[in-house]
There are 2 protein chains.
Amino acid sequence: MKIGEIAKKSDLPIKTVRYYADIGLVTPSGRSDAGYRLYDLEALKQLIFIRRARSFDFSIDQCRELLALYTNHQRSAADVKKLASAHLEMIQKKQLELQHLHDELAHLVNACHGDERPNCPIIDFLG
Amino acid sequence: MKIGEIAKKSDLPIKTVRYYADIGLVTPSGRSDAGYRLYDLEALKQLIFIRRARSFDFSIDQCRELLALYTNHQRSAADVKKLASAHLEMIQKKQLELQHLHDELAHLVNACHGDERPNCPIIDFLG
DNA sequence: ATTTTACCCTCCAGTTACTGGAGAGGTTAT
DNA sequence: ATAACCTCTCCAGTAACTGGAGGGTAAAAT
């Protein structure tokens, strides 16, 4: 499989697949005579795995760890759960921050009359 | 005021103040004989304003706009409210995405027994 | 007066995870 | 043969800083 085909099948941009090869995340199994990257089905599985993990906001480094657990059949569910739980905590923390931010800003926006007068509680609060 | 003093007073790292000067966000009023950046009280107000706006997740470009509205006494509350509302919408959108992410991941983490067996629903789902 | 300490400068590189483009070469179809 | 399409490498840019090297300046302590 050349890069265009695996990109389509994994639903990732070609540039991204090339990038993953560059950083050693998913390495092509070889090169053609012309120097084209060649991929096998294992690589395809890994790329799809990574796309899914990324869609869960796992960082590339976390994906690397997850991928190692994914391909290592000796890994225990505990290892995976630990990684995912830590990630979940980070997401929850972000959620709280965002909630706080939202409430404060919503309060200010509500307080602003929003007409042509220059007087504005949002600016007043920030300044 | 030299950069160290205004950094302390605005509660921003020196590096950041220098960076804001570089990108023309808050320019020093002048330079000393030795080439030190010199700031006045107006700059201090602006830096504090920006720090607060940044803490609300406004981007640097949005800060630039807000700052223009802040220093322009002709601006109307409508202009400010418009900017803040758009930002609020983005925050809400992010919140929804994060909520979705959280729910899915939490579901997976709950489903994972997390013991020494290699069988793991998280990996199963991703792979 | 000198030394130490603290401060300031510029420039370069790195962070995250790609993305866009230039310029060149390979492959396929008509 | 030529056009259309694919692939390659390398460079630069994104956002908003942060860290460090190497070197000059100012203020305080001795």
Side-chain angles (χ1 to χ4, degrees), chain A residues 1-40 43 46-67 87 90-91 94 97 101, chain B residues 1-40 43-44 46-67 87 90-91 94 97-98 101:
Chain A
M1 242 188 301
K2 281 181 293 181
I3 201 168
E5 191 179 347
I6 206 174
K8 191 162 288 179
K9 283 184 179 162
S10 64
D11 198 21
L12 285 170
I14 290 184
K15 281 270 185 184
T16 301
V17 178
R18 219 176 265 134
Y19 172 70
Y20 288 166
D22 286 351
I23 64 171
L25 185 58
V26 179
T27 2
S29 47
R31 295 274 184 151
S32 77
D33 289 351
Y36 290 6
R37 289 171 185 81
L38 297 174
Y39 290 92
D40 54 21
Q46 295 186 2
L47 285 174
I48 292 171
F49 180 90
I50 288 162
R51 177 173 52 71
R52 296 217 179 112
R54 290 284 301 132
S55 82
F56 277 90
D57 255 11
F58 283 99
S59 73
I60 289 287
D61 272 356
Q62 286 173 322
C63 286
R64 220 185 276 271
E65 288 184 65
L66 282 171
L67 200 58
H87 188 53
M90 267 196 34
I91 289 176
K94 245 191 194 170
E97 281 172 28
L101 199 59
Chain B
M1 241 188 300
K2 280 181 293 180
I3 200 167
E5 190 179 348
I6 205 173
K8 191 162 288 176
K9 283 185 180 163
S10 64
D11 198 22
L12 284 169
I14 290 185
K15 281 267 186 188
T16 301
V17 177
R18 220 176 264 134
Y19 172 70
Y20 288 167
D22 286 351
I23 63 172
L25 186 57
V26 178
T27 3
S29 47
R31 294 275 183 151
S32 77
D33 288 351
Y36 291 6
R37 289 173 187 80
L38 298 174
Y39 292 91
D40 53 22
L44 176 57
Q46 295 186 2
L47 285 174
I48 293 172
F49 180 90
I50 288 163
R51 177 174 52 71
R52 296 216 182 114
R54 291 283 304 134
S55 81
F56 276 93
D57 254 11
F58 283 99
S59 72
I60 289 286
D61 271 356
Q62 287 173 322
C63 285
R64 220 184 274 273
E65 289 185 63
L66 282 171
L67 199 58
H87 188 53
M90 268 195 35
I91 289 176
K94 243 190 192 169
E97 282 172 26
L98 216 51
L101 199 60

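Proteins come first, then strands; the chains are lettered A, B, ... in the order of their sequence lines, and each starts at number 1. The figures here come from the full heavy-atom set of this structure, side chains too, leaving out hydrogens, waters and symmetry mates.
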Donor-acceptor check, side chain of A/R51 to backbone of A/S10, threshold 3.5 angstrom: yes or no? yes

Any residue meeting ring pair (Phe, Tyr, Trp, His ring centres under 6.0 Å) with B/F56, in chain and number order, not counting sequence neighbours: none

Any donor and acceptor pair, going by atom type alone, linking the side chain of B/Q62 with main-chain N or O of B/S59 inside 3.5 Å? yes

Take the protein atom CG of A/D61 and the nucleotide atom C1' of C/dA17, then report the distance between them rounded to whole Å. 11 Å

Roughly how many Å is it from CD1 in B/I60 to C1' in D/dT14, rounded to a whole number? 14 Å

Donor-acceptor pair, side chain of A/T16 and main chain of A/L12, under 3.5 angstrom: no

Output all residues satisfying ring pair (Phe, Tyr, Trp, His ring centres under 6.0 Å) with A/Y19, sequence neighbours left out; order by chain, then residue number. none

Quickly, which of B/L38, B/L44, B/I48 forms a side chain to side chain contact (heavy atoms under 4.5 Å, CB included) with B/I6? Name it, please. B/L44

Under 4.0 angstrom, heavy atoms only, what part of the nucleic acid is B/S32 near: base, sugar-phosphate, or nothing? nothing

Is A/Y20 near enough to C/dC18 that one of its side-chain N or O atoms lies under 4.0 angstrom from OP1 or OP2? yes

N/O (side chain, B/T16) to phosphate O (OP1/OP2, D/dA16) under 4.0 Å: no

If I take atom CG in residue B/L25 and atom C1' in nucleotide D/dA16, what distance separates them, rounded to the nearest angstrom? 11 Å

On DNA chain D, check which nucleotide each of B/D33 and B/F58 is closest to and give me the residue with the more 5' one. B/F58

Protein within reach of the bases, or only the backbone? For nucleotides 4-12 of chain D, mark each nucleotide 5' to 3' as B, S or -, using heavy atoms under 4.0 Å. --BSSB---

Give me the residues of residues 47-55 of chain A where at least one heavy atom lies under 4.0 Å from an atom of DNA chain C, by number, or none. A/R54

Sorted by chain and residue number, the salt bridge (charged side-chain N to carboxylate O under 4.0 Å, His left out) partners of B/K9 (sequence neighbours excluded) come out as B/E5

Euclidean distance, B/S32 OG relative to B/R37 CZ, rounded to 0.5 Å: 10.5 Å

Contacts of B/Q46 meeting side-chain contact (heavy atoms from CB on, under 4.5 Å) (sequence neighbours excluded), chain-then-number -> B/V26, B/E42, B/L67, B/T71

Given atom OH of B/Y19 and atom P of C/dC9, what is their separation to the nearest angstrom? 17 Å

